[in-house]
Amino acid sequence: MSQTILVTGGAGFIGANFIPYFMEKHPTYKIINLDKLTYAGNLDNLKEVENNPNYTFIKGDICDENFINSLFDKYTITGVIHFAAESHVDNSISGPRAFINTNILGTFNLLEACRTHWYDAPFTPKPECKDYRFHHISTDEVFGTLGDTGFFCETTPYAPNSPYSASKASSDFLVRAYHHTFGLNTTISNCSNNYGPKQHGEKLIPTIIRNCLNQSPIPIYGNGKNIRDWLYVTDHAKAIDIIYHNGVLGQTYNVGGHNELTNLDITHTICEILDNERPRPDGKKYKELITFVKDRAGHDKRYAIDPTKLETSLSYKPDETFKTGIVKTVRWYLNKQ
């Protein structure tokens, strides 16, 4: 079957890593990259595909229902891979409305377009649309926070603690509802923290690298003991590819990297890499720049993903450890300067 896949938010960090990976794996697929190009979107991150005849970029907003429907009218879209989201927790605390609009209303508009264009009635896809799929990318933050032990699995109750995670939880529930009510062919993936090339500078790892190179204070929330499970971005792309093609419709899959680290661990690791790769001119260690700042409101203590379902049922295995992935990441930012 000829595939024309709508990728939303493809100019963002994960999308801009996913599209080149996906197009290399599936060179006959046509990819439509729909992105609003907010501050977090950057077309420079897609230079490697911009001249590919199977790649089309369209600037637009998923919150615009008429625009979304016009895309489905114009193109024979055979699948949707939905990245587009407001995703920075701090921004959701200072300005939550954009998160509600994009993450909830935008997802609803896409689901409605799929339902009305692909289905004649609930559980009755048009004959040519029976294999069309909507894949939704979500986050482990919908599960809330963990204590010192335990892991998030697909059956963990949702308990979002920030406007960002609440909006993503809402979008997950909409996707679930469209599967159970209308029979829409959906899958969902909830991933742990991503890192790697092309990430926006506001996030933790690019901030650490940038401040080291500028010899500026490295701000660490609270005591730096908050724990996250880190996933190299192309390992996430690999998981999405597998789930999109082989995941069971209506199912959710957790994607993790088996890399639980505190924010302080991350910072020390990056500082040590930079001590070797680009020593400070004054001979001091980069870790001397670490500065503890007031903790984020509602800062979840620990996230950790159990990816057993994905690994056993779909034979997924990440290619990078944190040790290998973080070196690649730091070198990418050094080469970008």
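All residue numbers in this chain count up from 1 along the given sequence.
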Ring geometry between Phe72 and Trp118 (parallel below 30°, tilted from 30 to 60°, perpendicular above 60°): tilted
Ring centre gap for Tyr158 and Phe173 strictly below 6.0 Å: yes
Aromatic Phe151 / basic Arg302 pairing, under 6.0 angstrom, 45° off normal: yes
is_close_aromatic(Tyr29, Phe22), centroid dist under 6.0 Å: yes
Transitive ILVMFWY side-chain link Val175 to Tyr164, under 4.5 Å: no
Full working for side-chain contact (heavy atoms from CB on, under 4.5 Å) between Ile31 and Thr56: CA-CA 6 Å; Ile31 301 297; Thr56 302; over 6 Å; no
Ring centers of Phe18, His236 separated by less than 6.0 Å: no
Pairwise side-chain contact, Cys271 with Thr267, heavy-atom cut-off 4.5 Å (strictly under): yes
Pair Asn33, Tyr55: side-chain N/O donor-acceptor within cut-off below 3.5 Å: yes
Listed once per pair and sorted, the salt bridge (Lys or Arg N to Asp or Glu O under 4.0 Å) pairs that draw on residues 65-90, sequence neighbours left out: Asp90-Arg296
Polar contact flag, side-chain donor to acceptor under 3.5 angstrom, Gln251-His179: no
Test item: Asn190 side-chain N/O and Asn254 main-chain N/O as donor-acceptor pair under 3.5 Å: no
Any donor-acceptor N or O pair under 3.5 Å, side chains Asp241, His26: yes
Cluster check Ile218, Leu264: I/L/V/M/F/W/Y, side chain < 4.5 angstrom: yes
CA sep, side-chain torsions, deciding dist, call: Glu141, Tyr303, side-chain contact (heavy atoms from CB on, under 4.5 Å): CA-CA 7 Å; Glu141 297 193 37; Tyr303 305 148; 3.3 Å; yes
Within 6.0 Å of NZ in Lys59, more than 12 heavy atoms from elsewhere: no
Ring centres under 6.0 angstrom apart (Phe322, Tyr195): yes
Lys198 NZ/CZ over Phe13 ring centroid, <6.0 Å and within 45° of normal: no
Min side-chain heavy-atom separation Ile5-Ile32 under 4.5 Å: no
